[in-house]
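Remarks on the structure that follows.
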Protein chains: 2
Amino acid sequence: MAQSSSTTIGGENLLFLTDEQLRKGIEAMFFAYRGFTADPDRILEEHGYGRAHHRALHFINRTHGTTVNNLLAILGVTKQSLNRVLRTLIEDGLVESRVGRTDRRERNLYLTEAGCELERALSEAQRERMRAAYRAAGPQAVAGFRQVLEAMMDDEIRGQYASLKDRRK
Amino acid sequence: MAQSSSTTIGGENLLFLTDEQLRKGIEAMFFAYRGFTADPDRILEEHGYGRAHHRALHFINRTHGTTVNNLLAILGVTKQSLNRVLRTLIEDGLVESRVGRTDRRERNLYLTEAGCELERALSEAQRERMRAAYRAAGPQAVAGFRQVLEAMMDDEIRGQYASLKDRRK
DNA sequence: CTTGGAATGTCAACAAGGCTGACATAAAAT
DNA sequence: ATTTTATGTCAGCCTTGTTGACATTCCAAG
């Protein structure tokens, strides 16, 4: 299966990073991401939604009451692009948008009952695949997986990711 | 950094897969993929191309002389969609399409000099980030990374990935 | 207090790149 | 001779990115 030649010299574990090995990693990332999105995509299609809707639902669920601006920063899209997705979710009664209490320019976003339900179905499908992959690979592999992914993020993003990391419902 | 609680009982290494841990993995995948595509995206933009062009260039370079049908299977898009991309690449002189030798219905695809050059620039940028991530995480993490990614792919895809895996230029 | 700028969010229009369907052509297979 | 396969093309639709223009709200300087 996946392997990378390494050797231990004087206690230091060195890695031979050939272009060929790196390319395998790149292709693995490409194909794995397809699998990663495949299950939620099927559910979304039944509802007439796309991946953008999934992302919005995920992060609204993640941080209840977040503002549009906040969401923009996390998702890395323009506000106009996000707005289109949000509008349909609000129209369909999956998301509620309340005028900000302290600053009335802001909108605080919440999932409705129906929104929670869809979010749960989507994330459950995605978790299921992740769970299977984790189990197949084992705990040590999982730790390595997370380490490499974190190292691959842009620096600013890693900060956002980290600050999201430990939050609870 | 990345961690996953595990314990060893009777030689078996068990993993506690809480929903919270799985969610962290999901978000890590999302943010890391953004980083993964960020560098090539910048280069592509300068040339007026998109990710679809990158994918085509990558896999044509990967398997010189591949047919259109082959590429479709790997990329998982429709021929119309691929054709649009391919047409521009051919017009711009990055890809050459030769009539098949044995079966003259087929078109064998090759990168031109210019195509090779752009492909190299793109993959070099991507490799550079991958290399940095690999180095930061260490060889054991890399092995785990690859294991989890492989386990995450769809079954048919994993076959394609594996058959690509060991090929040389 | 007023007024101008900054922040926030909405609407409109456009582009890339997916998709389906219909159809043409050439070559291979039957 | 007919059917199947591989490829290309046209038209049209959808999602989801983009930019530009504009409304609302807040805040701070005058």
Side-chain angles (χ1 to χ4, degrees), chain A residues 30 33-34 37-38 40-60 65-92 95-110 122, chain B residues 30 33-34 37-38 40-58 60 65-92 95-110:
Chain A
F30 172 65
Y33 199 79
R34 279 236 297 260
T37 55
D41 280 355
R42 271 187 287 273
I43 297 174
L44 288 160
E45 205 186 8
E46 295 168 14
H47 295 252
Y49 294 133
R51 251 176 237 181
H53 299 85
H54 184 188
R55 292 196 282 267
L57 289 174
H58 177 101
F59 284 107
I60 292 172
T66 187
T67 66
V68 173
N69 235 359
N70 234 307
L71 216 46
L72 291 181
I74 293 172
L75 295 175
V77 298
T78 60
K79 59 180 177 172
Q80 295 89 334
S81 192
L82 174 59
N83 188 257
R84 182 187 321 119
V85 168
L86 275 182
R87 189 168 46 209
T88 72
L89 290 175
I90 291 168
E91 280 169 7
D92 297 353
V95 168
E96 194 187 351
S97 163
R98 299 184 208 151
V99 172
R101 223 175 281 197
T102 59
D103 187 336
R104 291 181 34 194
R105 290 171 300 183
E106 293 179 344
R107 299 297 131 90
N108 295 114
L109 302 170
Y110 302 90
L122 291 168
Chain B
F30 171 65
Y33 199 79
R34 278 236 298 259
T37 55
D41 280 356
R42 272 187 285 273
I43 297 174
L44 288 160
E45 204 186 8
E46 295 168 14
H47 295 252
Y49 295 134
R51 251 176 238 181
H53 300 85
H54 184 188
R55 292 194 285 265
L57 289 174
H58 176 101
I60 292 172
T66 188
T67 65
V68 173
N69 242 354
N70 235 309
L71 213 47
L72 291 181
I74 292 171
L75 295 176
V77 298
T78 61
K79 63 172 179 177
Q80 294 92 331
S81 198
L82 174 60
N83 191 255
R84 183 176 15 201
V85 167
L86 226 38
R87 192 168 40 208
T88 71
L89 289 175
I90 291 169
E91 280 170 5
D92 296 353
V95 168
E96 193 187 350
S97 163
R98 297 186 209 149
V99 171
R101 221 175 283 194
T102 59
D103 187 335
R104 292 180 36 191
R105 288 171 303 182
E106 293 179 344
R107 299 297 134 89
N108 296 114
L109 302 171
Y110 301 90

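Note that the structure is a prediction, hence the values are computed from the model and not measured. Chain A is the first sequence line, chain B the second, and so forth, proteins listed ahead of strands; every chain is numbered from 1.
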Where chain A begins and ends its contact with DNA chain D, read 5' to 3' at 4.0 Å from heavy atoms
D/dT15 to D/dC26
Got a sec? Which of residues 95-103 of chain B come in under 4.0 Å of DNA chain C, heavy atoms?
B/Thr102, B/Asp103
Please report the closest heavy-atom contact between [X] and [Y], naming both atoms and the distance.
X: A/Glu96; Y: A/Arg98; value: OE2-NE, 3.3 Å
X: B/Arg104; Y: B/Arg101; value: CG-O, 4.0 Å
X: B/Ser97; Y: B/Leu109; value: CB-CD2, 4.0 Å

For A/Leu82 and for B/Arg105, find the nucleotide of DNA chain D with the closest heavy atom, then tell me which residue's nucleotide is more 5'.
B/Arg105
With nearest nucleotides of DNA chain D determined for B/Ile90 and A/Val85 from heavy-atom distances, which residue corresponds to the more 5′ nucleotide?
B/Ile90
Output the distance between atom CD1 (A/Ile60) and atom CG (A/Asn108), rounded to the nearest 0.5 Å.
11.0 Å
Regarding B/Gly76, tell me which of base, sugar-phosphate or nothing describes its non-hydrogen contacts under 4.0 Å with the strands shown.
sugar-phosphate
Donor-acceptor pairs under 3.5 angstrom involving side-chain atoms of residues 78-90 of chain B: please list them, not counting sequence neighbours.
from	atom 1	to	atom 2	distance (Å)
B/Thr78	OG1	B/Ser81	N	3.3
B/Thr88	OG1	B/His53	NE2	3.3
B/Thr88	OG1	B/Val85	O	2.8

Taking only nitrogen or oxygen atoms into account, show me every contact under 3.5 Å that the protein makes with nucleotides 11-13 of chain C, one pair per line with its distance.
from	atom 1	to	atom 2	distance (Å)
C/dC11	OP2	A/Arg87	NH1	2.7

Could you tabulate the donor-acceptor pairs under 3.5 Å formed by side-chain atoms of residues 67-77 of chain B, not counting sequence neighbours?
from	atom 1	to	atom 2	distance (Å)
B/Thr67	OG1	B/Asn70	N	3.2

Note: contacts of residues 66-74 of chain A with DNA chain D (heavy atom, under 4.0 Å) are none
Near DNA chain D, under 4.0 Å by heavy atom, which residues of residues 41-56 of chain B?
none
Does a side-chain heavy-atom distance below 4.5 Å link A/Glu45 with A/Asp41?
no
Non-neighbouring partners of B/Phe30 that pass ring-ring contact (aromatic ring centres under 6.0 Å, His included), sequence neighbours left out
A/Phe59
Side chain to side chain donor-acceptor pair (under 3.5 Å) partners of [X], counting only residues at least two apart:
X: B/Arg42; result: B/Asp39
X: A/Arg105; result: A/Asp103
X: A/Asp92; result: A/Tyr49
X: B/Thr37; result: B/Arg51

